[in-house]
There are 4 protein chains.
Amino acid sequence: MDFKIIVMENKNYTRVPKQERSRETKQSILKAGLELFSEKSYYKTNSKEISKRAGVSIGSFYMYFPDKKELFKELLIEYHKQIRAVLENIEIESYVNSGKRRDFLNYLINKLIEAHYIYPEFHQEINVMALTDSDFIKVNEKSKAESIEVTKTLLHIWKDQLRIKDIEAAAIVVQTSIEEIVHVLIFSKHKAKNKKIIDECTDMLSRYLFED
Amino acid sequence: MDFKIIVMENKNYTRVPKQERSRETKQSILKAGLELFSEKSYYKTNSKEISKRAGVSIGSFYMYFPDKKELFKELLIEYHKQIRAVLENIEIESYVNSGKRRDFLNYLINKLIEAHYIYPEFHQEINVMALTDSDFIKVNEKSKAESIEVTKTLLHIWKDQLRIKDIEAAAIVVQTSIEEIVHVLIFSKHKAKNKKIIDECTDMLSRYLFED
Amino acid sequence: MDFKIIVMENKNYTRVPKQERSRETKQSILKAGLELFSEKSYYKTNSKEISKRAGVSIGSFYMYFPDKKELFKELLIEYHKQIRAVLENIEIESYVNSGKRRDFLNYLINKLIEAHYIYPEFHQEINVMALTDSDFIKVNEKSKAESIEVTKTLLHIWKDQLRIKDIEAAAIVVQTSIEEIVHVLIFSKHKAKNKKIIDECTDMLSRYLFED
Amino acid sequence: MDFKIIVMENKNYTRVPKQERSRETKQSILKAGLELFSEKSYYKTNSKEISKRAGVSIGSFYMYFPDKKELFKELLIEYHKQIRAVLENIEIESYVNSGKRRDFLNYLINKLIEAHYIYPEFHQEINVMALTDSDFIKVNEKSKAESIEVTKTLLHIWKDQLRIKDIEAAAIVVQTSIEEIVHVLIFSKHKAKNKKIIDECTDMLSRYLFED
DNA sequence: GATGAATGAGTCTTCATTCAT
DNA sequence: CATGAATGAAGACTCATTCAT
């Protein structure tokens, strides 16, 4: 899924392959769900509204999703997929040997912000649901564990230069700090401050992880 | 509010002073609300259930609270009051001049954990509601701002010994990191790891804030 | 439950005991359900309509019955209770020794007609549901088995005068025949014929069971 | 209609005559409807499911039947046609003059059981629908009246040997008794008892109709 | 003819809130 | 003050039927 709307540019071409149309409909429901869950939260959004926003009937909604929860679940999975995609595109090579550890940390934080920016409000909503519904807790815990694992891997690359002893605990501290600061930055109203905060965060992590 | 149930010790007095009885009833509703919101979230708890758990009628519920939301609001305010109380009881004096900055940070984190432990699940639920309902967003933002303010004040005490320049940004980074790590610790399943994580966090903040 | 409507004769008397009112509401729903299920069948009756007929809100409906099915179940149980009551009031004594076996059979058939007349259409509907919903099949089978048991007991009374050998099989044949003929009579449009049919049925059973 | 699936034996002919194909499609829908209505009742079967079982699209379903009800109606008519066919094949001649009246009754009951065995569950479902939907009540009443008419005709054959006076009423009693006992036998779980029950029924009718 | 995606009226059911007692 | 029966708007979900392809 990509969250872009596929705008039909040519209404003259009559025949849209059935499968295509079908995919489109599902897309539009996913998109509407993403928007509304983000705007007003899961509990304040009802299926009628999602359908309306998607420009389809309620019947269609239930053709593609057995229930509202399932729609959320699909969005959740998609969301994590995208975050993962960003993390997997991180270019470590140029930093790892050049000793530009601080630059790397900066780059990492910015990448993560970018990843979460896809749909910041949905990020919130995910947290909400993850806390509310046992079905989502697992998905979220798994996702968090994976993030910590990625962090651990990254730390291992600088293994020899680290001043910290317990990589496991450090990974948790680092990952948690970054994640939450990214969160703050995304919702910050004073975007001006953001650069400063990123710099401080970079400084903090740099001092923590490495001997100067 | 304290969340303990006030057990009537004197059954002889048939007439309990109305104000007393009234306060009790309200207490029991608050307690029931706190418990249920924490256990099953705001949206999955209904007023009938709260009344039942509180041992009062639904009618009583609506005598003391204009609606369900107001009950949550009062709990929210009470919750922040308690966190504040913990913070206000922090004893800085013994640390500030002794140079035991690292010990202080450790003490601070432990104090915050203690503060949040009052009702960890409710802490979650607050986050949920804060994101869901615009009425609570303000309460929460205000609370966060105050926490950062407190952090700033604390940093000012060590003013001369700090290596950081931008106290404003540092306060945000420090407060956010601590808050979230506390969060992780509270819900951590591997309590064994917790001490290590606290130590790493202390180390990180210490290195960040102070020159060795 | 009795299916009579309790008409409030005196609206001036303000206080209707709560329990009384509550029972009344439930009564009116049961009555409405009985009527509508009989008139239009279970599947064509919806909860809104039942509530409307009962003069209460849908909310009330669901206060007293978890769902439509449960309402039907309660009516079913009540129905069988009433049939049983009629059977238990049968006066055998006056017939058994006088040798008026034929009169007794006649009396029995008439009693059963009376019993089923309480709500003939509901009798139909019971058959419908008993065939449609596995939950009701048991109730119905049990009820039928009990009827055959009663028939067997009756046959035992005339033990010495019976020409039949297999009382078990005879009880099934007799009970089934009566039941179905009663059914026919109830729905018969030519009430004039009914007496004749009862007489023929009596004759048939009499000849079958007893030596002349 | 016969309920057997017509397996296409000749795959060489790519083009199956349209009428043939068309009839086949309709057959498969009828078959699927019969099965599903019998298995789960009319109201719990939906058109999508019928189409699926029939291996055709919903669109096809609605090409052959204006609505779900019409499908049931066709099955109903077909069902009665088959019962009729069995009755019409009854061989009276060999019995009527030989005086084997009892054997004939036995044969008749067995024939009727055979007739209803075509799809016993559907027999049930017919009763359900006949009571539920006014459209089917007529079909059913007509069918019942015809059965009584056939019974009357049969009784007339033995006219001179009958001990009963009112053939009309007797026909009702006989037909109703047989019909219902057949019903009991079909759904009986204790098949062992069935022979005994048939014998008792034969005995009952024989004693009732004829002087020994 | 065939297809099956799309429709939306109609059901069941919940629950915050009121108000007569 | 206390009670809890009653309310009904609102939401989740189904399914017979249509119609563009």
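In the text below, chain A, chain B and the rest are named by the order of the sequence lines, each starting its count at 1. Only a predicted model underlies this, so the values are computations on that prediction, with no experimental measurement involved.
Distance, B/Lys44 NZ to E/dA16 C1': 18 Å, rounded to whole Å. Between the CZ atom of B/Phe61 and the C1' atom of F/dA5 there is a distance of 18 Å, given to the nearest Å. Atoms CD1 (D/Ile50) and C1' (E/dG4) sit 16 Å apart, rounded to a whole Å. As rounded to whole Å, 14 Å separates atom C1' of E/dG8 from atom CE of A/Met63. D/Glu24 has its CD atom 11 Å from the P atom of E/dA2, to the nearest Å. Between B/Tyr64 atom OH and E/dA16 atom P the separation is 20 Å, expressed in whole Å. The interatomic distance linking A/Tyr43 (OH) with F/dA12 (P) rounds to 11 Å, in whole Å. Between D/Glu49 atom CD and F/dA16 atom C1' there is a gap of 14 Å when expressed in whole angstrom units.
Ion pairing between a basic and an acidic side chain is recognised when a charged N comes within 4.0 Å of a carboxylate O; C/Lys31 and C/Glu35 show such pairing.
Remark: A/Thr25 is in phosphate contact with E/dA6, judged by side-chain N or O atoms under 4.0 Å from OP1 or OP2. Phosphate contact (OP1/OP2 of F/dA16, side-chain N/O of D/Lys68, threshold under 4.0 Å): present. Here B/Ser47 does not reach the OP1 or OP2 of E/dC15: none of its side-chain N or O atoms lies under 4.0 Å away.
Residue contacts shown for D/Ser51 are absent, as no nucleic acid heavy atom lies under 4.0 Å away.
Between D/Phe122 and D/Phe72, the distance separating the two ring centers is shorter than 6.0 angstrom.
Looking only at atom types and distance, the side chain of B/Ser22 has a donor-acceptor partner in the side chain of B/Tyr64 under 3.5 Å away.
With contacts defined as side-chain heavy-atom distances shorter than 4.5 Å, the pair A/Phe65/A/Lys26 qualifies. Within the 4.5 Å cutoff, the side chain of D/Leu71 has heavy atoms near those of the D/Phe61 side chain.
Between A/Ser60 and C/Ile58, the one whose closest nucleotide on DNA chain F sits nearer the 5' end is C/Ile58. Between C/Ser57 and A/Tyr62, it is C/Ser57 whose nearest contact on DNA chain F lies nearer the 5' terminus. Two residues, C/Asp67 and D/Gly59, neighbour DNA chain E, and the one matched to the more 5' nucleotide by heavy-atom proximity is D/Gly59.
With a cut-off of 3.5 Å on both Watson-Crick or G-U wobble distances, the partner of E/dT7 is given as F/dA16. Across the strands present, E/dT21 finds its partner in F/dA2; the criterion is a Watson-Crick or G-U wobble pair with both atom distances under 3.5 angstrom.
Straight-line distance between the C1' atoms of F/dT21 and E/dG1: roughly 13 Å, to the nearest whole Å.
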